[in-house]
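See below for the structure under consideration.
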2 protein chains.
Amino acid sequence: MSDSALWTALADPHRRAVVALLLERSRPVGEIAEACGLSQPSASKHLKVLREAGIVRVRQDAQRRVYALDPAPIAALDAWLAPYRRLWNRSLDALGRRLDEAPDDSTEPSTPKD
Amino acid sequence: MSDSALWTALADPHRRAVVALLLERSRPVGEIAEACGLSQPSASKHLKVLREAGIVRVRQDAQRRVYALDPAPIAALDAWLAPYRRLWNRSLDALGRRLDEAPDDSTEPSTPKD
DNA sequence: CGGTTATATGCCCGTCAAGGAATATTGGAA
DNA sequence: TTCCAATATTCCTTGACGGGCATATAACCG
């Protein structure tokens, strides 16, 4: 959970794919593995990394382990990003762009790129 | 620059330290190395990774190479984050918090954590 | 040109993360 | 209890990464 764990967890493309998938909805390991083209053991390992980074949490449903996103760590990422946002906001301002007035859910619904 | 390069570049704590340092102001390699407690070769190598990820750009000043942050990739990170922001905004909403009305530069000036 | 400063590169090595296959574990069903 | 489904864990091998050191490169100065 050491913040560094957060970065290393998200450094892996497969894990980012898993995270993107879980944004849509919570899923058991099998589904995750299939959707991301991972072997079951590989999926379990990646989920372990994400779990230890605090990015996902598990709920046990019979033999299934249903994984879900935990918002907090991603929020931490956003906080890390904040100082830099000032930087590129300056760049956008230089172009005369103003997007800040957009409403709360101005972004596309679910599927993120990558 | 393959977006994956962005993540792997920022996955290293030293490189995040360099990035944080450059947020303050542009610096030549020597200064970066000293400030981050890196050997000169190590600093050069890390800067190379950051450069190839598009995170920093170089300006040559005599024998010096002055490195500066490039806002774009960090903006890309922010874009990646956007869909998730909806998620944890929901969490905050559940707490009845409303921070969206904060002005443009509502965040702390410079030095980020980590 | 020779020397010096600033930076980049190449090499070697230890470490660590990831994938694959097999196996252990746990919960449920017969 | 015995079998089955879902998931976790272990072992092994391989490849990428980072550090330290020496060295190459490039720009300035005399």
Side-chain angles (χ1 to χ4, degrees), chain A residues 1-22 25-70 73 114, chain B residues 1-22 25-70 73 114:
Chain A
M1 193 198 183
S2 60
D3 202 79
S4 200
L6 176 60
W7 284 101
T8 54
L10 291 175
D12 185 272
H14 289 144
R15 284 192 292 259
R16 286 199 301 279
V18 170
V19 168
L21 188 69
L22 290 181
R25 68 164 176 275
S26 304
R27 293 171 196 264
V29 179
E31 243 180 273
I32 296 173
E34 191 198 357
C36 295
L38 297 171
S39 72
Q40 177 269 312
S42 183
S44 278
K45 289 186 223 173
H46 284 305
L47 286 167
K48 179 177 189 176
V49 175
L50 291 172
R51 199 192 323 140
E52 289 175 345
I55 300 178
V56 300
R57 46 190 185 69
V58 206
R59 167 178 56 97
Q60 185 147 8
D61 170 48
Q63 311 112 332
R64 306 214 179 131
R65 308 279 187 110
V66 180
Y67 281 82
L69 277 188
D70 188 326
D114 189 38
Chain B
M1 195 194 180
S2 60
D3 201 75
S4 200
L6 175 60
W7 285 100
T8 53
L10 291 176
D12 184 90
H14 289 146
R15 282 192 294 260
R16 287 199 301 277
V18 170
V19 168
L21 188 69
L22 290 181
R25 68 163 177 276
S26 304
R27 293 172 196 264
V29 179
E31 244 181 272
I32 296 173
E34 191 198 357
C36 295
L38 297 171
S39 73
Q40 176 268 312
S42 183
S44 278
K45 287 185 219 173
H46 283 305
L47 285 167
K48 179 177 189 175
V49 176
L50 291 172
R51 198 192 324 140
E52 288 176 343
I55 301 179
V56 300
R57 45 189 187 71
V58 206
R59 166 178 57 98
Q60 185 147 5
D61 170 48
Q63 312 110 336
R64 306 217 179 128
R65 307 281 186 109
V66 180
Y67 281 82
L69 277 187
D70 189 327
D114 190 35

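Throughout, a chain's letter reflects where its sequence line sits, starting with A, and its residues are numbered from 1. Predicted model, so just to flag it, every value in this text is computed and none were measured.
- Note: CD (Gln63(A)) to P (dA30(C)) measures 11 Å, nearest angstrom.
- For Arg15(B) (side chain) and Ala9(B) (main-chain N/O), a donor-acceptor pair under 3.5 Å exists by modelled atom type.
- In terms of modelled atom types and a separation under 3.5 Å, the side chain of Thr8(A) and the main chain of Ser4(A) share a donor-acceptor contact.
- Separating the CD atom of Gln40(B) from the P atom of dA6(C) is a distance of 10 Å, rounded to the nearest angstrom.
- Residue-level contact check: Pro41(A) touches the bases, meaning some heavy atom is under 4.0 Å from a base atom.
- Residues Tyr67(B) and Arg59(B) have side chains that never bring a donor and an acceptor to within less than 3.5 angstrom of each other.
- Here the P atom of nucleotide dA17(C) and the CH2 atom of Trp7(B) are 18 Å apart, to the nearest Å.
- The side chain of Arg15(B) places an N or O atom within less than 4.0 Å of a non-bridging phosphate oxygen (OP1 or OP2) of dG18(D).
- Distances shown here put a side-chain N or O of Ser42(A) below 4.0 Å from the OP1 or OP2 atom of dG19(C).
- Ile32(A) has its CD1 atom 11 Å from the C1' atom of dT7(D), to the nearest Å.
- Nearest approach of Gly54(B) to Pro73(B), heavy atoms of both residues: O-CG, 2.9 Å.
- A close approach under 4.0 Å does not occur between any side-chain nitrogen or oxygen of Tyr67(B) and OP1 or OP2 of dA6(C).
- In this model, the phosphate group of dG19(D) is approached by a side-chain N or O of His46(B) to a distance below 4.0 Å at OP1 or OP2.
- The nearest whole Å value for the distance from the CZ atom in Arg59(A) to the P atom in dG27(C) is 16 Å.
- As a whole-Å value, the separation of Leu38(A) CG from dG20(C) C1' is 13 Å.
- In this structure, Arg64(B) and Arg65(A) both approach DNA chain C, and ranking their closest nucleotides by distance from the 5' end singles out Arg64(B).
- Distances shorter than 4.0 Å separate some side-chain N or O of His14(A) from OP1 or OP2 on dG19(C).
- Closest approach of Val58(A) and Arg65(A) over heavy atoms only: CG1-CB, 3.6 Å.
- The distance from atom CZ of Arg27(B) to atom P of dT7(C) is 13 Å, rounded to the nearest whole Å.
- Atom CG of Asp12(B) is separated from atom C1' of dC17(D) by 9 Å (rounded to the nearest Å).
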